[in-house]
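Lettering follows sequence order; numbering is per chain, from 1. What's counted below: heavy atoms across the whole structure, side chains too, no hydrogens, waters or symmetry copies.
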There are 2 protein chains.
Amino acid sequence: MRSLTVCAALDPEELRRLADILQTVRVEANQTLFSEGDGADALYNVTAGTVKLYKLLPDGRRQITGFLVTGDFLGLAVNESYAYTAETVTTATLCRFPRKKIDALMDEFPKMQRRLFSMASNELAAAQDQMLLLGRKTAKEKICSFLLMLSQRAARRGHKENPVYVPMSRADIADYLGLTTETVSRTFTQLKTAGVISLQEGNKVLISDMDAIYDMAEGC
Amino acid sequence: MRSLTVCAALDPEELRRLADILQTVRVEANQTLFSEGDGADALYNVTAGTVKLYKLLPDGRRQITGFLVTGDFLGLAVNESYAYTAETVTTATLCRFPRKKIDALMDEFPKMQRRLFSMASNELAAAQDQMLLLGRKTAKEKICSFLLMLSQRAARRGHKENPVYVPMSRADIADYLGLTTETVSRTFTQLKTAGVISLQEGNKVLISDMDAIYDMAEGC
DNA sequence: CGAGCGATTGAACGCTCTCAAAGTGAGTGG
DNA sequence: CCACTCACTTTGAGAGCGTTCAATCGCTCG
């Protein structure tokens, strides 16, 4: 569901109008798309690569609120400003929709608005899952949930679910799960030693014991 | 913004149609409105009282994902099922909108859909703030952020921002902030001892040093 | 081959949790 | 009016998980 694009379920007429207003942008890895507090002048749709969203505390502590892949959108804003910073994890391509034009289009095509609403609802559900993870899960449960999420997301997008491609750094994973890089690294080592995963070339993680990962993700 | 109702910004015709389909329900404190996994057959709007939403892990660990007050809506669903349990904190009254009818109405009145989308966007922003809190803040920062949130929410709804009415139990606060009841209690005591808050009759917290609370909420 | 960055490993600390007990207050019934 | 219960809160002591600080490893790139 997360993986469907905004453009799905539109008829040709609507798609053509959408194509008229979008710009396609390609961004190298580790580049900032926009920063927390910037004027929110556009909505984006990821068409390739991975993007991370994060918020900072004054002293530099960071919380990554999501990793976005193909089909995910970003740029929803409150008070005309972005509430988070968006940065590429890998080289990425995105569709950029100027906000004014998309607003006008939403008025014209309720179907599109409905689609966007449905995506926001899904994001909200994902956010609640993440709160449960951050507030109540142990380090091992967090890592297992994370791997499972990546695996399921890949499957939904038609890729093979195992091994899982993990393009983000230990520091990014830590800031997503509310841990430190050391704890992330140690937990990976534990899972490796326990024989439930193994690390492969090219930032891939092979899940050898999917059932064990499932159980450990929820503390069973 | 959270405090505006779905019904705001509708014209009389739309309001009348909305009134036709809503049922008003009154629910005592500590009652379950619906449970995680239940078929999502209705959308609710809180008109009085406080409601909490939570998710559980198999072993009983609980994460409260939000406390809802007048104007907040609940019942957004994915896959036709509620993704969380909803329970009253205080006696509450709610407007109940059967899902089928609200869906039909949304198609008819794009303005309403837009309103709902905007509310979901705000919820999403709040969820991201909460992730930052859960993942990266200390116990003291969490408690201060919590009190500040309640204060600001009261102010937005036209109530006085200080003292803050805190109707939920220590256990609920703990499950909202990813702490234990003991830590919540100890942190309140610390803040009391430091002279920045004092507890009053009727579950109210007087913030004596608002600046200190602001600073402590973000670790300054 | 050396520099530099990220990942891993080690050791010790500390924040929060766990377990336990005492305190508080509202409600009940004698 | 008072004892009693029960649920919630507060406080205490000790333990543990994850952090902090530090060193080493391994890979990539110039």
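In this structure, CZ in B:F97 is found 5.0 Å from CG in B:L22, a value given to the nearest 0.5 Å. Atom CZ of A:F117 and atom CG of A:L124 lie 9.0 Å apart (nearest 0.5 Å). Residue A:N30 holds its CG atom at 5.5 Å from NZ of A:K52, rounded to the nearest 0.5 Å. To the nearest 0.5 angstrom, A:L18 atom CG is 5.0 Å from A:M112 atom CE.
For the pair B:R170 and B:F188, the distance from NZ or CZ to the six-membered ring centre is under 6.0 Å and the angle to the ring normal is within 45 degrees.
Judged by distance alone, the side chain of B:E87 and the main-chain N or O of B:L53 form no donor-acceptor pair under 3.5 Å. Distance alone, capped at 3.5 Å, is enough to place a donor-acceptor pair between the B:T189 side chain and the B:S185 backbone.
Using a 4.5 Å cut-off on side-chain heavy atoms (C-beta onward), B:Y54 and B:L56 make contact. Taking the side chain as every heavy atom from C-beta outward, A:T50 and A:L68 never approach each other to under 4.5 Å.
Rounded to an integer number of Å, the gap from B:R136 CZ to D:dT19 P is 7 Å. Rounding to whole angstrom units, CD of residue B:E201 and P of C:dA26 are separated by 8 Å. Look at CG on B:D175: it is 14 Å from C1' on D:dC8, rounded to the nearest Å. If you measure from atom CZ of B:F188 to atom C1' of D:dT10, you get 13 Å, rounded to the nearest angstrom. Remark: C1' of D:dT19 and CZ of A:R61 are 13 Å apart, rounded to the nearest angstrom. Rounded to an integer number of Å, the gap from B:Q200 CD to C:dG25 C1' is 18 Å. Here C:dT16 presents its C1' atom at 12 Å from CD1 of B:I143, a figure rounded to the nearest Å. In this structure, the NZ atom of B:K140 is 16 Å from the P atom of C:dG14, given to the nearest Å.
Summary for the helix from C:dC1-D:dG30 to C:dG30-D:dC1: the axes at its two ends, each from 5 pairs, differ by 30° when rounded to the nearest 10 degrees.
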Considering only nitrogen or oxygen atoms on both sides, find all protein atoms under 3.5 Å from nucleotides 20-24 of chain D and state each distance.
from, atom 1, to, atom 2, distance (Å)
D:dT20, O4, A:R186, NH2, 2.9
D:dC21, N4, A:E182, OE2, 3.0

Would you list the protein and nucleotides 4-7 of chain C atom pairs, both N or O, that sit under 3.5 Å from each other?
from, atom 1, to, atom 2, distance (Å)
C:dA7, OP1, A:R170, N, 3.1
C:dA7, OP2, A:R170, N, 3.3

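In this structure, B:D172 pairs ionically with B:R62, as a charged nitrogen and a carboxylate oxygen lie closer than 4.0 Å. Between B:D129 and B:K137, no side-chain nitrogen of the basic residue sits less than 4.0 Å from a carboxylate oxygen of the acidic one, so the salt-bridge criterion is not met.
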